[in-house]
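Reviewing the structure listed below.
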Amino acid sequence: MKKITGLKILGQPDPGVPKDVHLVGRYALGVDWADGHGSIYPFDRLRRDCACGQCDTVEELASEMAWPADIKRTDEGLRVTWVDQHASLYPYPALRTLCRCAGCTGGH
């Protein structure tokens, strides 16, 4: 099981909420979490991790399916609208669990 986030302390930022969301090169989204952890989400992987239940079943993603047209931070989570007009919502706790870095997956 992955460690998700730390405990929220009164008066401190919620560790499960991003303090910064930014592009990483031309292929990925970077999230800096309030607890100091950094995550990188390649666009194609992010699209496959969409909670709609259909995106992960597509055998081969067309280029427009894996390219974001708009990315917004909302109270509910990170909302990505893809070039093909499909919209994905990634609640922050769920987005954090999608991190595949060595620290989150137990690797060294």
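Along the sequence shown, the residues carry numbers beginning at 1. We use all heavy atoms of the structure for the numbers below, so side chains are in, but hydrogens, waters and symmetry mates are not. What you see is a predicted model; the values in this text were computed from it and never measured.
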Next item on the list: Could you tell me the separation between the CG atom of Leu78 and the CG atom of Leu95, rounded to the nearest 0.5 Å?
Entry: 6.0 Å
Notebook entry, point to check: Between His37 and Asp35, does any side-chain donor sit less than 3.5 Å from a side-chain acceptor?
Noted result: no
Item checked: Side chain to side chain, Cys50 and His86, heavy atoms closer than 4.5 Å -> yes
Checklist line | Arg48 side, atom CZ; Leu98 side, atom CG - distance, nearest 0.5 Å | finding: 14.0 Å
Next item on the list: Decide side chain to side chain contact (heavy atoms under 4.5 Å, CB included) for Cys55 and Met65; before the verdict, give the C-alpha distance in whole Å, the side-chain angles of both, and the deciding distance to 0.1 Å.
Entry: CA-CA 9 Å; Cys55 292; Met65 293 180 73; 5.6 Å; no
Notebook entry, point to check: What distance do Glu76 atom CD and Leu89 atom CG have between them, rounded to the nearest 0.5 Å?
Noted result: 6.5 Å
Note to self: Checking the side chain of Arg79 only, and the main-chain atoms of Asp70 only, is there a donor and an acceptor separated by less than 3.5 Å?
What the structure shows: no
Notebook entry, point to check: Do Trp33 and Leu23 sit in the same hydrophobic cluster, where Ile, Leu, Val, Met, Phe, Trp and Tyr count as joined when their side-chain heavy atoms come under 4.5 Å apart?
Noted result: yes
Notebook entry, point to check: What's the spacing between Trp82 CH2 and Arg47 CZ if we round to 0.5 Å?
Noted result: 6.5 Å
Next item on the list: Before accepting this row, confirm whether a basic side-chain N of the pair Asp56/Arg45 lies closer than 4.0 Å to the acidic partner's carboxylate O.
Entry: no
Next item on the list: Just do the side chain to side chain contact (heavy atoms under 4.5 Å, CB included) check on Val24 and Leu29 with the steps written out, would you?
Entry: CA-CA 5 Å; Val24 177; Leu29 185 69; over 6 Å; no
Notebook entry, point to check: Taking a hydrophobic cluster as the set of Ile, Leu, Val, Met, Phe, Trp and Tyr residues connected by side-chain heavy atoms closer than 4.5 Å, whether directly or through intermediates, do Val83 and Ile71 fall within one such cluster?
Noted result: yes
Item checked: side chain to side chain contact (heavy atoms under 4.5 Å, CB included) between Asp32 and His22, worked out -> CA-CA 8 Å; Asp32 295 326; His22 55 277; 3.4 Å; yes
Notebook entry, point to check: Under a 4.0 Å N-O cut-off, is there an ion pair linking Asp20 with Arg73?
Noted result: no
Notebook entry, point to check: Sequence neighbours excluded, which residues qualify as ring-ring contact (aromatic ring centres under 6.0 Å, His included) partners of Phe43?
Noted result: Trp67
Next item on the list: Apply side chain to side chain contact (heavy atoms under 4.5 Å, CB included) to Val31 and Tyr92, showing your working.
Entry: CA-CA 10 Å; Val31 176; Tyr92 297 125; over 6 Å; no
Check: Would you say the side-chain atoms of Tyr90 pair up with the backbone N or O of Leu46, donor to acceptor, closer than 3.5 Å?
Finding: yes
